[in-house]
Novice: 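I'd like to ask some things about the structure below.
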2 protein chains.
Amino acid sequence: MMMAGLRERKKEQTRQRIAETALRLFAEHGYDAVTVNEIAEAAGVAKVTLFAYFPSKESLVLDQIKDDYAAVVRNRPEGMPPLGALREHFRGIARRGVEAPVETLLTRVQVIASSPALLSGVSQTNMSEREELAAALEAAMPDAGVVPRLMAAQITAVITTLQETFFQRLVKGESLEKAVRLLEDEVELAFDLLERGLSWQEGTDS
Amino acid sequence: MMMAGLRERKKEQTRQRIAETALRLFAEHGYDAVTVNEIAEAAGVAKVTLFAYFPSKESLVLDQIKDDYAAVVRNRPEGMPPLGALREHFRGIARRGVEAPVETLLTRVQVIASSPALLSGVSQTNMSEREELAAALEAAMPDAGVVPRLMAAQITAVITTLQETFFQRLVKGESLEKAVRLLEDEVELAFDLLERGLSWQEGTDS
DNA sequence: CGCAAAAACCGTACTGGGTATGATTTTGTA
DNA sequence: TACAAAATCATACCCAGTACGGTTTTTGCG
């Protein structure tokens, strides 16, 4: 009868417990120094079960970090250019700061930043976002050759850089408020740069 | 007495043999289906020796694919803007086509394209190129905040896209000449886009 | 040449991520 | 209560990569 289940809730709970345990152990001893066996044991499950919930050790940390730029482009209001829609989207994100508890987020960022394997995983995620955005842009502007792909590459790269900068500041101990304020300005700057080109606003240097 | 050695030559030879053997086996049976043990055996060395020459299975294919954009920026002639120097650099690469034997190159590209692990490795390489370029740009235009990093991200992303497009055409059976001709045009287009912005030359679509 | 030191090489055994198998327990429902 | 589906598990396995300790090859030099 689809009771919308006790079962489901228990699964979600177990999943949560595994992820939390993993993050805690990683933060304590470092990503490489913790084995999945230890995580499983500490979370009270078997290794096999852990891998039934998470497809890899990386995914214990990187689960659900993927944003969906392509959807932003597809669902943009009539008459708004793709780039404008994306600018609005990130303006919104920057303005309302970060919703998740800062503590956990910060721990996660620190763990990621300290492990090459995880950083690589992040850039993998970015690459797949880029491909999806490229597909959405190609749909929005057909017969434009490589242009949509070039646009997608530039946009994704810029967004990634903004995120990196933001998180670096948090890791360095900057307050959330200040980091958010700086991010707001940089979102505008970055999209201006995208729209008007790198030769705009250089001035001093040749 | 630093005979500039027999030793050196033999090492280079062994290294070459390992890489060639690996590429051949990967092309025949697929990247995942070949174990490093098999490669080592086929190349007549021990697994340990293979890993003394190559730090990982991936590197058997991805060795030396890294370009050095940062150097292009650092060594640019007096008075030339960084972006102009990079444009010249890639114009040159496109014009003189590909120097390595097309056969081997094509095999390598096919193998890479067919393996997620290798694709991930490529994007890792791109990321480190991006960081180096960012450092060079920051040196070229100090006190510009995030701008150099944003530029580096955009430039690297665009170049990566051009490379991907080029190789995709080769894999699809396009002739080298035609692929090179298209690449030449796209280099110009891509750098125009970088310099003048995405809002330039859109026209049809809003 | 002969010989010692360095460097390359190798066999073996190990670690750790991830998977296959097949058995066992838990849970929703009749 | 009974039963089928789903979740969990112990175990054994595969493969990339490393540690260890020993053997062979190369080289510089007397």
Side-chain angles (χ1 to χ4, degrees), chain A residues 1-19 21-23 25-26 28-63 111-112 115-121 124, chain B residues 1-19 21-23 25-26 28-63 111-112 115-121 124:
Chain A
M1 236 284 151
M2 276 293 122
M3 260 292 282
L6 167 67
R7 209 139 161 169
E8 311 296 326
R9 241 169 311 147
K10 240 184 162 173
K11 274 188 78 172
E12 194 45 47
Q13 202 175 316
T14 304
R15 183 188 178 80
Q16 191 90 359
R17 195 176 65 244
I18 294 172
T21 307
L23 189 61
L25 292 178
F26 290 153
E28 281 171 13
H29 310 118
Y31 181 75
D32 291 324
V34 179
T35 73
V36 293
N37 260 317
E38 291 166 352
I39 298 168
E41 192 168 354
V45 297
K47 187 170 71 153
V48 161
T49 304
L50 185 151
F51 279 113
Y53 282 95
F54 297 90
S56 66
K57 187 183 181 187
E58 283 182 19
S59 69
L60 288 164
V61 183
L62 301 184
D63 193 43
V111 168
I112 293 173
S115 153
L118 291 175
L119 287 172
S120 157
Q124 267 322 96
Chain B
M1 237 284 152
M2 277 293 124
M3 263 289 283
L6 167 69
R7 206 134 156 177
E8 311 295 326
R9 242 170 309 147
K10 244 185 158 170
K11 273 187 77 171
E12 194 46 45
Q13 202 175 316
T14 304
R15 184 189 177 80
Q16 191 91 359
R17 197 176 65 244
I18 295 173
T21 306
L23 188 60
L25 292 178
F26 289 154
E28 283 171 12
H29 310 120
Y31 181 76
D32 291 324
V34 179
T35 71
V36 293
N37 259 317
E38 290 166 352
I39 298 169
E41 191 168 353
V45 296
K47 188 168 71 154
V48 164
T49 306
L50 185 151
F51 279 113
Y53 281 95
F54 297 90
S56 67
K57 187 183 181 185
E58 283 182 21
S59 69
L60 288 164
V61 182
L62 301 184
D63 193 42
V111 169
I112 293 172
S115 154
L118 291 174
L119 286 172
S120 155
Q124 266 324 94

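Everything numeric in this text was worked out from a predicted model, so none of it was measured. Chain letters run A, B, ... following the sequence lines, proteins first, then strands; residues in each count from 1.
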Novice: Look at the side chain of B:Lys10 and decide which nucleotide, out of D:dG17, C:dG17, D:dT26, has an atom nearest to it.
Specialist: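 For B:Lys10, the side-chain atoms sit closest to D:dT26.
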Novice: Find the distance A:Lys57:NZ to C:dT15:P and express it as a whole number of Å.
Specialist: 16 Å
Novice: Rounded to the nearest Å, what distance is computed from the CG atom of residue B:Asp32 to the P atom of nucleotide D:dA16?
Specialist: 9 Å
Novice: State which residues pass side chain to side chain donor-acceptor pair (under 3.5 Å) with A:Glu58; sequence neighbours excluded, sorted by chain then number.
Specialist: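 Partners of A:Glu58 under the side chain to side chain donor-acceptor pair (under 3.5 Å) test: none.
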Novice: If you only use heavy atoms from C-beta on, which nucleotide in C:dC9, C:dG18, D:dT26 is closest to the side chain of B:Tyr53?
Specialist: C:dC9
Novice: Provide, to the nearest angstrom, the distance between the CG atom belonging to A:Leu50 and the C1' atom belonging to D:dA10.
Specialist: 16 Å
Novice: Of the options D:dT18, C:dC9, D:dC15, whose atoms approach the side-chain atoms of B:Thr14 most closely?
Specialist: C:dC9
Novice: How is B:Phe54 classified with respect to the nucleic acid when contacts are heavy atoms under 4.0 Å: base, sugar-phosphate, or nothing?
Specialist: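 Contact class for B:Phe54: none.
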Novice: CD of B:Gln13 versus P of C:dC9: gap in Å, rounded?
Specialist: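 After rounding, the gap between these two atoms is 11 Å.
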Novice: Atom CD1 of A:Ile18 and atom C1' of D:dA7: how far apart are they, to the nearest Å?
Specialist: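 Atom CD1 in A:Ile18 sits about 12 Å away from atom C1' in D:dA7.
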Novice: By ring-ring contact (aromatic ring centres under 6.0 Å, His included), which residues pair with A:Tyr31, not counting sequence neighbours?
Specialist: A:Phe26
Novice: Kindly write out the residues that satisfy salt bridge (Lys or Arg N to Asp or Glu O under 4.0 Å) with A:Asp63, not counting sequence neighbours, or none if the list is empty.
Specialist: A:Arg15
Novice: Rounded to whole Å, please give me the gap between CZ in B:Arg15 and P in C:dC9.
Specialist: 12 Å
Novice: What is the distance, rounded to the nearest whole Å, between atom CZ of B:Phe51 and atom P of C:dC10?
Specialist: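 Computing the B:Phe51:CZ to C:dC10:P distance gives 14 Å.
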Novice: Start with the C-alpha gap between A:Val36 and A:Phe51, add the side-chain angles, then the distance that decides, and say whether side-chain contact (heavy atoms from CB on, under 4.5 Å) holds.
Specialist: CA-CA 9 Å; A:Val36 293; A:Phe51 279 113; 4.1 Å; yes
Novice: Report the residues that fulfil side chain to side chain contact (heavy atoms under 4.5 Å, CB included) with A:Ala19, sequence neighbours left out, ordered by chain and then residue number.
Specialist: A:Phe54
Novice: Output the rounded distance in Å from NZ (B:Lys11) to P (D:dT24).
Specialist: 21 Å
Novice: Under the rule for side chain to side chain contact (heavy atoms under 4.5 Å, CB included), what residues qualify as partners of B:Glu41, not counting sequence neighbours?
Specialist: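 Listed in chain order: nothing, the list is empty.
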Novice: Using 0.5 Å steps for rounding, measure from the CG atom of B:Leu23 to the CD atom of B:Glu28.
Specialist: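 Between atom CG of B:Leu23 and atom CD of B:Glu28 there are 10.0 Å.
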Novice: Give the residues of residues 36-49 of chain A touching DNA chain C, defined as any heavy atom closer than 4.0 Å, sorted by residue number.
Specialist: A:Val36, A:Lys47, A:Val48
